[in-house]
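What follows is a single structure, written as structure tokens, with notes after it.
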Amino acid sequence: MGQVPHAAVVLEGLDEQQGENFGKLYRSCGNCSKQYQRNVVISNVVATTPGKVIADINTNYGDTARFSSIRIVDDSSRKVVICDKYKGVTSGEPSHIGSGADGVNCLYSSSDISYS
């Protein structure tokens with residue numbers, strides 16, 4: 001499964017998806033010439049490694065990613081990042097500014113993520 005790029009203003013949901021051998025399951029456009037706030041709800045997803053990131057968002061545009069019922073398979077070292085945060089730009093490359101739940105942009109708790 002490839003990544004799902006998001007360059008729209010609408011609320012988009014990824015529900016009941018399976019990802020395997022993925023780089024980023026969901027990516028908010030970090031360098032589109034016109035930027036908008038993007039909000040995504042990702043639930044009931046099974047992600048099997050190898051994989052890197054479930055979602056990345058641009059916090060400076062107010063993007064949010066809400067996660068529930070995420071299961072990561074074959075990641076005993078827990079290297080898969082649930083939510084990566086970037087400072088989006090209109091040209092050039094966005095800057096990585098952090099990762100993980102923050103209660104503002106990356107919305108999940110430990111009970112939303114399971115490993116098997």
Side-chain angles (χ1 to χ4, degrees):
M1 174 175 206
Q3 68 184 358
V4 179
H6 192 174
V9 186
V10 299
L11 174 69
E12 181 174 329
L14 292 177
D15 187 33
E16 297 184 13
Q17 296 292 313
Q18 293 190 14
E20 185 175 318
N21 196 19
F22 58 94
K24 294 180 180 182
L25 191 60
Y26 169 87
R27 178 182 63 86
S28 180
C29 184
N31 59 359
C32 290
S33 60
K34 292 186 179 178
Q35 290 286 3
Y36 306 95
Q37 178 179 353
R38 298 167 185 93
N39 303 288
V40 65
V41 175
I42 301 174
S43 61
N44 300 311
V45 169
V46 177
T48 302
T49 60
K52 295 183 180 176
V53 179
I54 302 298
D56 78 29
I57 61 171
N58 304 304
T59 59
N60 59 314
Y61 297 121
D63 291 0
T64 62
R66 183 176 303 274
F67 302 85
S68 65
S69 300
I70 307 297
R71 183 164 54 104
I72 312 292
V73 179
D74 295 333
D75 187 25
S76 59
S77 59
R78 299 188 178 192
K79 290 185 179 180
V80 173
V81 175
I82 305 304
C83 188
D84 253 347
K85 297 176 263 192
Y86 286 83
K87 180 180 179 185
V89 295
T90 55
S91 66
E93 291 300 315
S95 304
H96 184 258
I97 57 174
S99 59
D102 60 14
V104 177
N105 301 100
C106 292
L107 305 167
Y108 63 95
S109 65
S110 58
S111 64
D112 294 314
I113 314 299
S114 65
Y115 295 85
S116 62

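Computation of the quantities below employed the complete heavy-atom set of this structure, encompassing side-chain atoms and omitting hydrogens, waters and symmetry-equivalent molecules.
Pairs of residues two or more places apart, or lying in two chains, never qualify as salt bridge (Lys or Arg N to Asp or Glu O under 4.0 Å) while including a residue from residues 40-53. Sorted by first and then second residue, the ring pair (Phe, Tyr, Trp, His ring centres under 6.0 Å) pairs with a member in residues 97-116 read F67-Y108; sequence neighbours excluded. The disulfide bond (SG atoms under 2.5 Å apart) analysis of residues 34-66, with sequence neighbours excluded, yields no pairs. Within the structure, salt bridge (Lys or Arg N to Asp or Glu O under 4.0 Å) pairs that include any residue of residues 65-76 do not occur (at least two apart or interchain).
One finds the OH atom of Y26 at 8.5 Å from the CD1 atom of I57 (value rounded to the nearest 0.5 Å). In this structure, CD1 on I72 lies 9.0 Å from OG on S116, to the nearest 0.5 angstrom. The structure places OG of S68 at 8.5 Å from CD1 of I113, a figure rounded to the nearest 0.5 Å. Rounding to the nearest 0.5 angstrom, the gap separating the CG atom in N105 from the CD atom in Q37 is 9.0 Å. Of the inter-residue distances, the one linking C29 atom SG with Y61 atom OH reads 9.5 Å to the nearest 0.5 angstrom. Of the inter-residue distances, the one linking I54 atom CD1 with C106 atom SG reads 12.0 Å to the nearest 0.5 angstrom.
Evaluation of the side-chain hydrogen bond (donor to acceptor under 3.5 Å, both in side chains) rule for D112 yields S109 as partners, not counting sequence neighbours. Every residue two or more places apart in sequence or in another chain was checked for a side chain to side chain contact (heavy atoms under 4.5 Å, CB included) with S33, and none qualifies. The side-chain hydrogen bond (donor to acceptor under 3.5 Å, both in side chains) check on T59 picks up nothing, with sequence neighbours excluded.
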- Item | Derivation of the side-chain contact (heavy atoms from CB on, under 4.5 Å) call for N39 and D63 | CA-CA 5 Å; N39 303 288; D63 291 0; 5.8 Å; no

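In this structure, the side chains of V73 and V46 come closer than 4.5 Å at one or more pairs of heavy atoms. I70 is listed as a side-chain neighbour of I42, based on a closest heavy-atom distance under 4.5 Å.
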For a quick test of your reading: what N or O donor-acceptor pairs under 3.5 Å do the side chains of residues 79-93 make, sequence neighbours left out?
| from | atom 1 | to | atom 2 | distance (Å) |
| --- | --- | --- | --- | --- |
| D84 | OD1 | H96 | NE2 | 2.8 |
| K85 | NZ | G100 | O | 3.3 |
| K85 | NZ | D102 | OD2 | 3.2 |
| Y86 | OH | K24 | NZ | 3.4 |

